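One structure is given here, and the rest of the page talks about it.
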Amino acid sequence: MLPRLDEIEVDLLARRARAEAEGWLGEIEGIDLTLIFLRQKRDQTRRLARVAPIHLGMPGMPTPGEA
């Protein structure tokens, strides 16, 4: 997921540069907002990647007459 988020950021930065060159102020504002959300998502993904998964085990099935 992280490499894909990096690709999206590169694309957004290129789109922002184009919008800036063309003077598309509304587009720049939208891209900036998207970049904020993307960077937050990337930070969240990195934090979650550091947390070790918890093994819950295999659920057991009661044998007939046990319940």
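Numbering starts at 1 and runs along the sequence shown. Here the structure is a predicted model, which is why all the values come from computation and not from measurement.
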Handout entry: With Glu7 via side chain to side chain donor-acceptor pair (under 3.5 Å) - residues at least two apart
Key =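 Side chain to side chain donor-acceptor pair (under 3.5 Å) list for Glu7, sorted by chain: Arg4.
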Exercise for the section: Check side chain to side chain contact (heavy atoms under 4.5 Å, CB included) between Arg47 and all other residues, then give those that pass, not counting sequence neighbours. Expected result: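 Checked Arg47 against side chain to side chain contact (heavy atoms under 4.5 Å, CB included); matches are Asp43, Gln44, Arg50.
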For residues 27-39, run the donor-acceptor check on the side chains, cut-off 3.5 Å, and write out each pair with its distance to 0.1 Å, sequence neighbours left out.
{"unit_1": "Glu27", "atom_1": "OE2", "unit_2": "Arg15", "atom_2": "NH2", "d": "3.2"}
{"unit_1": "Asp32", "atom_1": "OD1", "unit_2": "Arg16", "atom_2": "NE", "d": "2.5"}
{"unit_1": "Asp32", "atom_1": "OD2", "unit_2": "Arg16", "atom_2": "NH2", "d": "3.2"}
{"unit_1": "Thr34", "atom_1": "OG1", "unit_2": "Gly30", "atom_2": "O", "d": "2.9"}
{"unit_1": "Arg39", "atom_1": "NE", "unit_2": "Glu9", "atom_2": "OE2", "d": "2.8"}
{"unit_1": "Arg39", "atom_1": "NH2", "unit_2": "Glu9", "atom_2": "OE2", "d": "2.9"}

Practice task
Might you point out which heavy atoms bring Leu5 and Arg42 nearest each other, and give the distance in Å?
Solution key: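 Nearest pair, atom of Leu5 first, then Arg42: CD1-CA, 3.8 Å.
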